[in-house]
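The structure appears below as structure tokens.
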Amino acid sequence: MKRRNFISTTILGALSANQLLASTPVESTIPNISKWFSQLLKVTNAKQRKRYFLTDKKLKNTYEAIRDEWSLSGYQALGENYFLCRDGELALFPIELQHTTLGQIDFAVLVFEKKESNEWKSVKSLSGFNIEALVKSLNTFSADVEDVANCILPTQSTPEFTIKGYKTPKGHVYFDTRITDNKAVVNVEITINNEIVWNGKHDSEHSLS
């Protein structure tokens with residue numbers, strides 16, 4: 001159910017095909033992942049950087065520690081890039097899970113936030129289901145393209161949003177993904193400035209191989 005039904009020409013324009021990133025930020029064999037992630041990066045004004053040239057040692061050490069935890073489950077860094085938004089205060093690192101015969105079978109994004117102390121903290125991981133739901137919800141509410149990152153991307157976790165969602169600088173995002181018969185239905189609720197701007201569900205096109 002939509003609580004407010006805004007159509008933002010700014011966001012719709014940003015999502016148009018001719019305004020996507022000039023180069024694909026990540027190569028994924030999972031259908032639509034590259035497209036959805038590209039769109040998310042575009043509307044959040046994310047800047048692409050090479051991971052090998054990461055000079056912020058505090059971010060590098062924090063990222064590598066979390067990456068190593070995920071590696072215990074078989075995940076590894078995806079591609080050469082990471083991405084900065086919110087004026088460099090939020091960093092996104094894509095990772096993947098590879099199968100020896102099936103190839104890439106899962107995708108996620110590790111999210112880190114810079115604190116006032118200049119320390120970096122791991123705040124959330126976003127799944128392919130999460131990214132798809134965020135992108136599909138963007139057409140339904142109005143916001144400045146420069147401010148979208150504060151509306152939909154996480155800030156420091158709080159207990160009530162740890163499992164199915166997260167706090168954002170301007171509100172919170174809640175996900176509920178239910179998988180039955182190899183089909184996922186995703187419900188997403190986005191709150192901005194204490195008002196629910198989107199609450200709806202869709203059949204996900206994302207699937208684990």
Exercise. Val173 versus Val188: any side-chain heavy-atom pair under 4.5 Å?
Worked result: yes
Problem set entry | Salt-bridge present (Lys121, Glu113; N to O < 4.0 Å) | no
Exercise. Does a salt bridge link Asp176 with Lys201, judged by any charged N lying under 4.0 Å from a carboxylate O?
Worked result: no
For this session: Using side chain to side chain donor-acceptor pair (under 3.5 Å) as the criterion, point out the one residue from Asn150, Thr155, Asp147 that pairs with Lys170.
Result: Asp147
Problem set entry | pair Tyr52-Glu80: side-chain heavy atoms closer than 4.5 Å | yes
Exercise. Which atoms form the tightest heavy-atom contact between Ala149 and Cys85, and what is the distance?
Worked result: CB-SG, 4.4 Å
Exercise. Yes or no on side chain to side chain contact (heavy atoms under 4.5 Å, CB included) for Ile192 and Thr168, after CA distance, side-chain angles and deciding distance?
Worked result: CA-CA 9 Å; Ile192 300 174; Thr168 71; over 6 Å; no
For this session: Tell me yes or no: between the side chains of Asn199 and Tyr174, is some donor less than 3.5 Å from an acceptor?
Result: no
Problem set entry | Distance (rounded to the nearest 0.5 Å) between Gln156 CD and Lys167 NZ | 8.0 Å
Exercise. With Asp203, which residues qualify under salt bridge (charged side-chain N to carboxylate O under 4.0 Å, His left out), at least two apart?
Worked result: Lys183
Exercise. To the nearest 0.5 Å, how far apart are CG in Leu126 and CG in Leu153?
Worked result: 7.0 Å
Problem set entry | Considering all heavy atoms, the nearest Arg86-Pro169 contact | NH2-CD, 3.3 Å
Exercise. How long is the span from the CD1 atom in Ile131 to the NZ atom in Lys136, to the nearest 0.5 Å?
Worked result: 13.0 Å
Exercise. Is any side-chain heavy atom of Asn187 closer than 4.5 Å to a side-chain heavy atom of Phe175?
Worked result: no
Exercise. Would a 4.5 Å heavy-atom cut-off, applied to side chains only, mark Val185 and Thr177 as touching?
Worked result: no
Exercise. Would you call Lys58 and Glu119 a salt bridge, using N to O less than 4.0 angstrom?
Worked result: yes
Exercise. What distance do Leu78 atom CG and Leu97 atom CG have between them, rounded to the nearest 0.5 Å?
Worked result: 11.5 Å
Problem set entry | Side chains of Asn61 and Trp120, donor plus acceptor under 3.5 Å | no
For this session: Heavy atoms only: give me the nearest Ser125-Asn130 pair and the separation to one decimal.
Result: O-OD1, 4.1 Å
Exercise. If we ignore angles and hydrogens, is there a donor and acceptor under 3.5 Å between the side chains of Ser71 and Asp68?
Worked result: no
Seminar exercise, completed: side chain to side chain donor-acceptor pair (under 3.5 Å) with Asn81: of Arg49, Arg51, Lys50, only one passes, and it is Lys50
Exercise. Does any non-hydrogen side-chain atom of Val109 lie less than 4.5 Å from one of Ile95?
Worked result: no
For this session: Locate the shortest heavy-atom distance separating Ala77 from Glu96; write the atom from each residue and the value.
Result: O-OE2, 4.1 Å
Problem set entry | Centroid-centroid under 6.0 Å between Phe107 and Phe37 rings | yes
For this session: Could you walk me through whether Val111 and Leu90 pass side chain to side chain contact (heavy atoms under 4.5 Å, CB included), step by step?
Result: CA-CA 7 Å; Val111 183; Leu90 202 71; 3.9 Å; yes
Exercise. Atom CG of Leu40 and atom CG of Leu92: how far apart are they, to the nearest 0.5 Å?
Worked result: 7.0 Å
Exercise. Does any N or O in the side chain of Thr191 come within less than 3.5 Å of the main-chain N or O of Asn194, such that one atom is a donor and the other an acceptor?
Worked result: no
Exercise. Between the side chain of Tyr63 and the main-chain N/O of Phe112, is any donor-acceptor distance below 3.5 Å?
Worked result: no
Problem set entry | Pair Glu89 + Lys115, salt bridge at N-O below 4.0 Å | no
For this session: Answer yes or no: is there a side-chain heavy-atom contact under 4.5 Å between Tyr82 and Leu54?
Result: yes
For this session: Locate the shortest heavy-atom distance separating Ile33 from Gly128; write the atom from each residue and the value.
Result: CD1-CA, 3.8 Å
Exercise. For the residue pair Ile66 and Ser122, what are the closest heavy atoms and their distance?
Worked result: CG1-CB, 3.8 Å
Seminar exercise, completed: Rounding to 0.5 Å, atoms CG (Leu134) and SG (Cys151) come to a distance of 11.5 Å
